[in-house]
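Have a look at the structure below before the remarks.
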Amino acid sequence: MATNRTFTMIKPDATQENHIGGILSMIEEGGFRIVSLKKVLLTPERAGQFYEVHKERPFYQDLVKYMSSGPIVAAILEKDNAVADFRTLIGATNPAQAAEGTIRKKYAKSIEANAVHGSDSDENAQIEGNFFFTADEQF
Ligand code: CMP
């Protein structure tokens, strides 16, 4: 059953270029309520844990290095059909394929430095949200 929450991170390229406000505006204008929000500098160990599912992929080491290269903003978001609607709002992983009007079309620089992460399933949304926020921070 679909839940109404998803998880996002604003990635180091976007935080370093002062796009936190612009991206959060697009998220709120897209109809999402911000449930939880924090800015964090991930250690390589924490970034590696977060992306553990990609451990065997060729881009894993670079991804871990990149995701710990500067602060990220983690957030839990709420809306009907949150996971699918948020993936529509952010656009394709590769910004070269991202549709007009999407967050990645506007802010992403490359397939790695692609401005934002969005959960790919309800199950992962819950796991990823719990990775950053305790129960009393999710309201
Ligand atoms: P994200 O949606 O956070 O999930 C995995 C991340 O790996 C992805 O966004 C990109 O930042 C990064 N990545 C780097 N290279 C690739 C690739 N070739 N395919 C998919 N993801 C990649």
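Source: prediction; values computed, not measured. Just so you know, ligand 1 is whichever comes first in the structure, and atom 1 is the first atom listed for that ligand.
- With hydrogens left out, the protein atom closest to atom 3 (O) of ligand 1 is Tyr51 OH, 2.6 Å, a heavy atom.
- Judged by a 6.0 Å distance limit and a 45° cone about the ring axis, Arg46 is positioned over the six-membered ring of Phe131.
- Side-chain N/O atoms of Ser119 and Glu128 include a donor and acceptor closer than 3.5 Å.
- When heavy-atom distances to ligand 1 are checked against a 4.0 Å cut-off, Tyr66 has no atom that comes that close, whether in backbone or side chain.
- For ligand 1, one of its N or O atoms has an N or O atom of Glu112 under 3.5 Å away.
- Here Met9 has no heavy atoms under 4.0 Å from ligand 1, in either its backbone or its side chain.
- At the shortest separation from atom 16 (C) of ligand 1 among protein heavy atoms lies Phe59 CD2, 3.5 Å.
- A tilted orientation is assigned to the rings of His19 and Tyr107, their planes being inclined by 30° to 60°.
- The nearest heavy-atom contact from the protein to atom 10 (C) of ligand 1 is Ile111 O, 3.1 Å.
- A side-chain donor-acceptor contact under 3.5 Å links Tyr60 to the backbone of Gly48.
- Heavy atoms of Arg104 approach ligand 1 to within less than 4.0 angstrom.
- Contacts with ligand 1 closer than 4.0 Å are made by side-chain heavy atoms of Asn114 only, the backbone lying farther away.
- Distance from atom 12 (C) of ligand 1 to its nearest protein heavy atom, with residue and atom name: Leu63 CD1, 3.6 Å.
- With sequence neighbours left out, Asp120 forms a side-chain contact (heavy atoms from CB on, under 4.5 Å) with Arg87, Asn124.
- The backbone N or O of Ile34 lies less than 3.5 Å from no partner atom in the side chain of Glu78, so there is not a single donor-acceptor pair.
- Close N/O approach between Lys11 and ligand 1 is found [any backbone or side-chain N/O within under 3.5 Å].
- The distance from ligand 1 to the heavy atoms of His54 drops below 4.0 Å at these ligand atoms: 4 (O), 5 (C).
- Under 4.0 angstrom from ligand 1, there are no non-hydrogen atoms of Arg87.
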Please test Glu137 against Lys38 for salt bridge (Lys or Arg N to Asp or Glu O under 4.0 Å), starting from the C-alpha separation and ending with a verdict. CA-CA 10 Å; Glu137 292 171 332; Lys38 70 168 72 152; 3.5 Å; yes
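- Residues satisfying the ring pair (Phe, Tyr, Trp, His ring centres under 6.0 Å) test with Phe7, not counting sequence neighbours, are Phe50, Phe132.
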